[in-house]
Amino acid sequence: MSETNTAAEVAAPHRYTAALAADIEARWQDLWDAHGTYDAPNPGGDLAGDPEVVARPKKFIMDMFPYPSGAGLHVGHPLGYIATDVYARYHRMTGHNVLHTLGFDAFGLPAEQYAVQTGTHPRVSTEANIENMKAQLRRLGLGHDKRRSFETIDPAYYKWTQWIFLQIFNSWYDEDAKKARPIAELVRLFESGERQVPGTRAWSELSAVERAEVLGEYRLAYASDAPVNWCPGLGTVLANEEVTADGRSERGNFPVFKSKLRQWNMRITAYADRLIDDLEALDWPEAIKLQQRNWIGRSEGARVSFEVVGHDEKITVFTTRPDTLFGATYMVLAPEHELVDSVVPAEWPEGTKDAWTGGARTPADAIAAYRKQAQSKTDVERQTEGKDKTGVFTGAYARNPLTGERVPVFVADYVLMGYGTGAIMAVPGQDERDWEFATAFELPIVRTVAPPEGWEGEAYTGQGPAINSANDKLDLNGMAVDEAKRTAIAWVTEQGIGEGTVNFRLRDWLFSRQRYWGEPFPIVYDEQGVAHSLPESMLPLELPEVEDYSPRTFEPDDADTSPETPLSRNEDWVNVTLDLGDGPKRYRRETNTMPNWAGSCWYELRYLDPHNSERLVSAEAEQYWMGPRDGQPHGGVDLYVGGAEHAVLHLLYARFWSKVLFDLGHISSNEPFHKLYNQGMIQAYVYRDSRGIAVPAAEVEERDGAFYYQGEKVGRLLGKMGKSLKNAVTPDEICAEYGADTLRLYEMAMGPLDVSRPWDTRAVIGQYRLLQRLWRNAVDEATGEVTVVSAEPDEATLRALHKAIDGVSQDMANLRFNTAIAKVTELNNFVTKLSEVPRTVAEQLVLLVAPLAPHIAEELWRKLGRTTSVVHADFPVADPAYLVDEAVTCVVQIKGKVKARLEVAPSISDEELEKAALADPAVVAALGGAGIRKVIVRAPKLVNIVPA
RNA sequence: GGGCAAGUGGCGGAACGGCAGACGCGGCGGACUUAAAAUCCGCUACCCCUUCCAGGGUGUGUGGGUUCGACUCCCACCUUGCCUACCA
């Protein structure tokens with residue numbers, strides 16, 4: 001402590017200082033832990049508790065749990081945790097049974113990379129990080145039910161992650177019932193013949209391997225050889241969601257290549273419709289709903305097959321514009337399309353234009369060269385090339401089923417294998433990309449929708465009557481786009497060459513990683529290579545201890561590599577003899593691990609019943625905390641707060657798992673999170689020198705609006721807070737300087753929770769002063785004695801008090817903590833001006849502050865003579881009698897401009913008020929004898945006069 | 001290129017279509033003090049007029065519109081941020 005502080009402490013030994021705050025905070029945190037103050041009772045089981053509390057309305061308030069990195073927390077991290085804590089405390093004080101806790105997400109790449117860098121086992125480094133984070137968070141006084149906390153790396157936890165995987169593996173999506181069902185039911189349908197087995201043979205005629213293959217086509221978790229995102233630099237494959245727009249890994253920024261590898265997938269596409277439809281009823285930010293809708297990318301259209309001239313094969317395309325079929329003048333296949341090789345002729349056909357061949361002697365050469373070029377091109381290059389269309393002619397022709405014309409088939413990389421069928425019918429008249437390609441390759445362009453008069457643009461994608469769209473079989477001419485679509489779909493359906501269909505952008509979720517630090521798959525393969533699930537009795541399948549847990553990584557640019565799983569090196573673990581019900585046999589374990597999203601896909605459920613060893617969650621606890629109520633079509637967490645960056649990853653996966661578990665009858669809510677709220681980011685100023693290098697923000701000085709570091713002028717920009725930008729401020733340093741309550745208040749007072757705003761350490765002192773004044777309003781700084789008096793408060797004080805209670809209550813309920821604090825401050829400033837503070841006022845003020853600054857509230861509550869915790873005290877309720885002011889200021893406007901103010905009784909009638917307003921000298925003067933056309937009266941607050 | 005937000009004092013931000021700038025930071029002045037810190041009190045959007053008292057005008061990115069009345073609703077534009085990107 002500095003000397004000035006010591007001097008101040010001599011003068012006022014009981015002043016609310018950082019030292020006193022630290023003492024108060026540590027003391028109450030210990031007491032809360034000792035008493036389990038924040039423990040929320042379950043209706044039954046090991047966490048059962050007071051039936052009176054269980055009978056209250058429940059609130060399940062949750063944060064997106066943290067991923068403990070080695071770097072520790074900066075002040076931006078706990079923003080959401082503090083907000084949910086305030087909200088939880090408010091609800092605890094308004095008669096709710098509140099479940100609020102926090103676990104830790106701890107599997108995954110960053111932990112593993114950190115472990116590799118530091119040469120420690122990931123479990124050791126992860127546990128150390130978690131301990132460090134727990135200590136940092138404990139200092140903030142978050143009211144968590146610590147009995148319910150867990151880490152996703154606990155075998156007792158990931159046992160159930162594996163169990164859920166098996167539920168998904170052992171189920172299929174019944175398109176008719178529109179829900180998941182156990183795979184055993186599908187087998188029964190195949191056995192009985194109720195359902196046709198794909199192919200020509202009956203179920204009983206199939207071998208075990210063939211049966212496994214058939215079921216693999218149905219399972220919601222399945223292995224397949226599809227092209228996946230292979231990242232040699234990381235040594236693992238990645239989900240689409242983990243690859244950035246420019247084709248690099250989100251983590252590490254390494255190049256990502258398409259490679260055919262046998263990998264596990266989750267059939268999330270089966271739920272595409274439900275994932276879109278069920279968004280409707282969720283209380284989520286519209287922007288997030290929109291992102292999910294766009295990600296799922298539902299579009300209605302048609303599939304149409306085109307006959308390839310001189311071949312048996314057909315090219316099937318997806319189009320959203322079947323009405324433009326008459327304008328399809330060529331076709332395009334994606335470079336990876338499997339039909340490319342089979343339709344390519346030996347020689348260039350008659351009439352091949354030079355521009356189409358890419359200068360190659362034969363079509364096969366041209367395609368080989370183009371594919372090579374397309375594959376080597378990084379997506380960055382693709383991006384800089386923009387919309388310049390490239391491609392080559394395959395030498396093959398297809399036949400337009402409506403015009404009967406031969407149309408050339410091209411290969412071009414502007415058609416993506418992963419969307420639709422990987423093939424398109426090109427309609428340059430109505431599609432901008434096709435127009436560009438057609439122009440570049442001298443292909444015919446036919447407009448089939450009439451553009452508006454004076455249209456000088458190129459492709460016309462808008463509405464208009466169909467033209468050039470008739471033959472002796474079908475006539476669309478004159479039809480509007482929608483009608484033409486319907487008619488065309490009906491025609492292709494009747495001809496047996498197509499059908500109306502819905503296409504999704506969403507693809508199945510790649511679910512395996514070549515990593516050590518993840519949940520092992522509870523899957524073994526028999527000698528024929530058939531996958532078997534482990535029985536529940538063999539769960540958890542624990543990660544083996546290994547010598548070498550680092551992944552095998554490669555040259556980041558070397559696409560001709562393939563992954564090697566760390567677990568595969570451990571032969572003793574991989575090769576096992578197990579009895580899966582038909583006697584001991586040799587098996588090989590699956591050596592991939594699950595992606596880091598797995599643990600967070602269902603963690604909300606485990607909070608409800610964290611120690612249950614029989615089930616992932618008891619039905620009783622699940623229904624109590626998550627079950628549908630209040631007329632909602634779904635239940636779920638009452639409030640889920642986290643960053644918007646999880647809009648399409650975690651939030652989509654978690655919804656998917658919920659729906660599967662719901663379908664299979666394991667839980668009662670088909671949505672995990674009823675209300676979602678995205679907190680904003682705390683930004684910080686970044687100072688850079690002339691070379692553009694960030695300099696330590698704490699050492700930058702400001703002079704006359706310019707910024708200097710070590711005498712050199714530096715530039716200032718608003719950015720993220722972090723170590724690399726040398727502008728991180730830690731909660732520890734703010735707590736040391738002012739105390740945790742001040743930090744909590746400041747973070748909540750900075751602005752609306754959902755908006756990003758810059759951190760300003762200088763401004764923290766404002767909230768510190770608020771708490772000091774609050775303290776002084778009840779406690780003598782010299783003696784530490786309580787100074788409140790027993791006298792009743794006067795009218796004005798009661799009005800100020802109840803106005804604050806009313807406003808703060810509404811703000812708390814609506815997550816508007818910044819304005820709640822403003823109202824508390826106003827009341828506190830009012831009380832400061834009183835010569836003596838009535839006990840009732842001090843007590844209510846303490847209660848108002850309690851959710852925001854719980855430590856000082858507990859201390860004052862105790863000093864005021866209360867013996868029970870303020871945590872469970874009742875939040876004050878405003879008395880409406882004091883919400884009406886004695887006199888109201890009425891503004892008198894002329895044409896909307898304020899000209900006079902009147903002090904009137906709140907009960908004044910419109911007539912009286914109008915009379916008073918018109919009689920006011922200032923109004924008379926302003927009117928200057930002009931006549932009155934109209935008077936709008938909103939008693940008691942406003943009169944607006946419109947002069948003639 | 002597309003989509004979604006948001007633009008209010010020196011700064012962070014308040015404002016059911018009804019007194020713009022609550023509350024806080026910073027700044028200025030005063031009280032207390034030998035002095036400083038802390039604390040307490042007052043002032044603090046801009047311009048004009050005025051010795052004072054008082055008064056007048058302009059103001060919520062720009063331009064239009066709806067309305068008795070617009071920071072708020074509608075249209076166009078500008079700027080910034082975020083998301084997304086050849087999705088057929």
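The analysis underlying the following values was restricted to heavy atoms, covering all of them including side chains, and did not include hydrogens, waters or symmetry mates. Naming: A, B, ... by sequence-line order, numbering from 1 per chain.
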Practice problem: Tell me what A:N503 touches on the nucleic acid: a base, only sugar-phosphate, or nothing, going by heavy atoms under 4.0 Å. | Solution: nothing
Exercise. Using the C1' atoms only, state how far B:rG9 lies from B:rG26, rounded to an integer number of Å.
Key: 12 Å
Quiz item: A:V415 near the nucleic acid: base, sugar-phosphate alone, or nothing, with a heavy-atom cut-off under 4.0 Å?
Solution: base
Quiz prompt | Span that lies between the P atom of B:rA15 and that of B:rC86, in whole angstrom | solution = 41 Å
Exercise. Could you please name the partner base of B:rC4, counting Watson-Crick and G-U wobble pairs only when both distances are under 3.5 Å?
Key: B:rG81
Quiz prompt | Residue mapping more 5' on RNA chain B - nearest nucleotide basis, A:T832 or A:T825 | solution = A:T825
Quiz item: So, is A:Q772 near the phosphate of B:rU39, with a side-chain N or O under 4.0 Å from OP1 or OP2?
Solution: yes
Self-check item: Nucleotide nearest A:K934 (side chain, heavy atoms from C-beta), chosen from B:rC68, B:rG42, B:rA22
Solution: B:rC68
Exercise. Under the salt bridge (Lys or Arg N to Asp or Glu O under 4.0 Å) rule, what do A:R303 and A:E499 come out as? Steps first, then yes or no, please.
Key: CA-CA 6 Å; A:R303 259 167 218 259; A:E499 60 187 341; 5.5 Å; no
Quiz item: Using purine N1 to pyrimidine N3 plus N6-O4 or O6-N4 for Watson-Crick, or N1-O2 and O6-N3 for G-U wobble, both under 3.5 Å, which nucleotide pairs with B:rA76?
Solution: B:rU62
Quiz item: Side-chain N or O of A:R769 less than 4.0 angstrom from OP1 or OP2 on B:rA38?
Solution: no
Quiz item: With both distances under 3.5 angstrom, what nucleotide forms a Watson-Crick or G-U wobble pair with B:rC23?
Solution: B:rG12
Exercise. May I ask you to establish whether A:R15 and A:W775 are in a cation-pi arrangement, using a distance under 6.0 Å from NZ or CZ to the six-membered ring centre and at most 45° from the ring axis?
Key: no
Quiz item: How would nucleotides 5-19 of chain B be written as a contact map, 5' to 3', with B for base contact, S for sugar-phosphate-only contact and - for no contact, using protein heavy atoms under 4.0 Å?
Solution: -------SSS---BB
Quiz item: For A:Y414, is the NZ or CZ atom of A:R433 found under 6.0 angstrom from the centre of its six-membered ring and inside 45 degrees of the ring axis?
Solution: no
Quiz item: Is the distance from OP1 or OP2 of B:rU39 to the nearest side-chain N or O of A:R776 less than 4.0 Å?
Solution: no
Quiz item: For A:D741, what residues pass the salt bridge (charged side-chain N to carboxylate O under 4.0 Å, His left out) criterion, not counting sequence neighbours?
Solution: none
Quiz item: B:rC83 C1' sits how many Å from A:Q291 CD, rounded?
Solution: 5 Å
Quiz item: Is there a Watson-Crick or G-U wobble partner for B:rG17 with both distances under 3.5 Å, and which nucleotide is it?
Solution: none
Practice problem: Could you tell me whether the side chain of A:K389 has a donor or acceptor atom within less than 3.5 Å of a complementary atom in the base of B:rC86? | Solution: yes
Quiz item: With rounding to whole Å, what would you report as the distance between B:rG56 and B:rG61 at their P atoms?
Solution: 26 Å
Practice problem: Under a 3.5 Å limit for both distances, which nucleotide forms a Watson-Crick or G-U wobble pair with B:rU50, could you say? | Solution: none
Quiz item: Does a side-chain N or O from A:K899 land closer than 4.0 Å to OP1 or OP2 of B:rG57, or not?
Solution: yes
Self-check item: Separation between the C1' atoms of B:rU62 and B:rG12, rounded to whole Å
Solution: 25 Å
Practice problem: Identify whether any heavy atom of A:A822 sits under 4.0 Å from a base atom; if not, whether one sits that close to sugar-phosphate; answer base, sugar-phosphate or nothing. | Solution: base
Quiz item: Given B:rC4, is OP1 or OP2 found less than 4.0 Å from the side-chain N or O atoms of A:N294?
Solution: no
